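Since the structure is predicted, the reported quantities are computational estimates derived from the model, not experimental observations. Chain A is the first sequence line, chain B the second, and so forth, proteins listed ahead of strands; every chain is numbered from 1.
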2 protein chains.
Amino acid sequence: MPTNNSHRYSAHEQEIMKKMGLRVRQLREASSLSQEKLAELAHVHRTYISTIERGQQNISLTILIRLADVLGVSLATLFEDT
Amino acid sequence: MPTNNSHRYSAHEQEIMKKMGLRVRQLREASSLSQEKLAELAHVHRTYISTIERGQQNISLTILIRLADVLGVSLATLFEDT
DNA sequence: GTGTGACTTGAAGTCCGTC
DNA sequence: AGACGGACTTCAAGTCACA
C-alpha cells in the first residue's frame, strides 16, 4: 500500500494494524530473521513484509496464517495484545 | 467470492477459514442475531456473512476487527481454537 | 432468513527499481 | 539490511437476482 491511505480505515482499525505490524516485527527479530528471509519462508513478497510491519497493510487471513506458522506461534498468540 | 475457488488455498488454510466461519456462526447464534442483523451491525453485506460462515472467505483484518467488536469478543478469542 | 452464481471495483499483494 | 515508489496483476469486498 503506497503513501498515505490512512483515510481508508478507522482510527481503531489503524491502531490494530499497527499493533499487528509491531508484533510481527518483534517475533521476526526474536527469530533472528531478516524481512527478506521471513518473506521467503512465508511465500510473500519482500516489500510486503515491510509495509505490514509499518502497520500499513490490511492483511488477509491466509497471510496471517502463513506468518504465524513461520514465526512459530498460533494465530491467537499473534493477536494476544489487541 | 464466485463459484469454486477452493483450489486457491492450501488444505491448512481452508481448514482455518472453515473454523473461523464456524466460530463466527457460533458467536452470532449465541447473541441471537440473524446474518442480516450481524451484517448490519458490522457494516458488511448480508451475503458476505453467509460466505464467511461457510468458510469461503479469506477475510481481511479489518473485517475480522468489525466482527469481533460486534460479537463482543477480542480478536485473540476469535482465534482461540485454531 | 439463508445459500449461491455472476458481476464490478478498489485494495491486496507482486515485482521492478532507487535511496 | 530496510524504507519507499510506480506499475502491474490478482483477489477481497460489496451488490444483485434468484432459489
Side-chain angles (χ1 to χ4, degrees), chain A residues 1-10 12-14 16-18 20-71 75 78, chain B residues 1-10 13-14 16-71 75 78:
Chain A
M1 175 170 302
T3 54
N4 185 9
N5 293 292
S6 53
H7 59 282
R8 263 189 219 139
Y9 308 105
S10 74
H12 181 217
E13 287 166 348
Q14 284 181 59
I16 295 181
M17 284 161 60
K18 280 206 170 189
M20 266 302 309
L22 291 176
R23 192 111 181 87
V24 169
R25 175 163 292 179
Q26 280 170 11
L27 291 165
R28 175 176 65 79
E29 291 178 342
S31 302
S32 299
L33 295 171
S34 67
Q35 289 184 349
E36 267 181 330
K37 193 65 185 171
L38 173 58
E40 182 189 331
L41 293 172
H43 302 106
V44 300
H45 200 265
R46 170 176 75 72
T47 59
Y48 195 53
I49 298 289
S50 174
T51 62
I52 287 174
E53 290 192 355
R54 279 176 286 129
Q56 298 181 348
Q57 280 302 130
N58 181 21
I59 319 175
S60 73
L61 184 53
T62 53
I63 302 286
L64 288 168
I65 293 169
R66 288 190 234 164
L67 291 176
D69 283 355
V70 171
L71 294 170
L75 279 168
L78 207 59
Chain B
M1 176 168 302
T3 53
N4 185 8
N5 293 293
S6 53
H7 58 282
R8 260 191 219 142
Y9 308 107
S10 74
E13 287 166 348
Q14 284 182 58
I16 295 182
M17 283 161 61
K18 280 205 169 187
K19 278 191 182 170
M20 266 302 310
L22 292 176
R23 191 110 181 87
V24 169
R25 175 163 290 178
Q26 280 171 10
L27 291 166
R28 174 177 67 78
E29 290 176 343
S31 302
S32 298
L33 295 171
S34 65
Q35 289 185 351
E36 269 181 326
K37 192 64 184 172
L38 173 58
E40 181 189 332
L41 293 173
H43 303 103
V44 299
H45 200 266
R46 173 183 78 74
T47 59
Y48 194 55
I49 298 288
S50 176
T51 62
I52 286 174
E53 289 192 357
R54 279 174 291 125
Q56 298 183 348
Q57 281 303 125
N58 181 19
I59 321 175
S60 74
L61 184 53
T62 53
I63 301 286
L64 287 168
I65 293 169
R66 287 190 235 165
L67 292 176
D69 283 355
V70 171
L71 294 170
L75 280 168
L78 208 58

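Listed nucleotides D:dG14, D:dA17, D:dA3 differ in distance to A:Ser50; the shortest reach to its side chain belongs to D:dA3. For A:Tyr9, the listed nucleotide lying nearest its side chain is C:dA11; candidates were D:dA12, C:dA11, C:dT2. For B:Ser34, whose side chain is taken as the heavy atoms from C-beta onward, the closest listed nucleotide among D:dA1, C:dG17, C:dT2 is C:dT2. Listed nucleotides D:dG14, C:dA11, D:dA17 differ in distance to B:Val44; the shortest reach to its side chain belongs to D:dG14. Listed nucleotides: C:dG3, D:dA12, D:dA1. Nearest to the side chain of A:Glu36: D:dA1. Side-chain proximity of A:Gln35 to the nucleotides C:dA12, D:dA13, D:dG2 is greatest for D:dG2.
When heavy atoms are screened at a 4.0 angstrom cut-off, A:Arg66 is found touching no nucleic acid atom at all. Within 4.0 Å of A:Ile63, counting heavy atoms only, lie sugar-phosphate atoms of the nucleic acid but no base atom. Heavy atoms of A:Ser60 sit under 4.0 angstrom from primed sugar atoms or phosphate atoms, though from no base atom.
Taking side-chain N and O atoms only, A:Arg25 has a distance below 4.0 Å to OP1 or OP2 of D:dA3. Taking 4.0 angstrom as the limit, A:Asn58 places a side-chain polar atom (N or O) nearer than this to OP1 or OP2 of C:dA12.
Here the C1' atom of nucleotide C:dG13 and the CZ atom of A:Arg54 are 14 Å apart, to the nearest Å. When rounded to the nearest whole Å, the span between CD of B:Glu40 and C1' of D:dG14 equals 16 Å. Atoms CG (B:Leu33) and P (C:dT2) sit 10 Å apart, rounded to a whole Å. Distance A:Tyr48 OH to C:dG13 C1': 6 Å, rounded to the nearest Å. For A:Ile59 and D:dC11, the CD1 to C1' distance is 16 Å, given to the nearest whole Å. Atom C1' of nucleotide D:dG2 and atom CD of A:Gln56 are separated by 13 Å, given to the nearest angstrom. A straight line from CG of A:Leu64 to P of D:dA12 spans 13 Å, rounded to a whole angstrom. Regarding B:Gln57, its CD atom lies at a distance of 13 Å from the C1' atom of D:dT15, rounded to whole Å.
Judged purely by atom type and a 3.5 angstrom limit, B:Asn58 uses its side chain to pair as donor or acceptor with the backbone of A:Thr62. Side-chain atoms of B:Glu36 do not come within 3.5 Å of backbone N or O of B:Arg46 as any donor-acceptor pair.
A donor and an acceptor atom sit less than 3.5 Å apart, one in the side chain of A:Arg46 and one in the base of C:dG17.
Between the side chains of B:His45 and B:Thr47, at least one donor-acceptor pair of N or O atoms lies under 3.5 Å.
Of the residues listed (B:Gln26, B:Arg25, B:Arg23), the one engaging B:Glu53 in a side chain to side chain donor-acceptor pair (under 3.5 Å) is B:Arg25, and it is the only one.
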(request) Would you please test A:Leu78 and A:Leu27 for side-chain contact (heavy atoms from CB on, under 4.5 Å) and show each step? (result) CA-CA 9 Å; A:Leu78 207 59; A:Leu27 291 165; 3.6 Å; yes
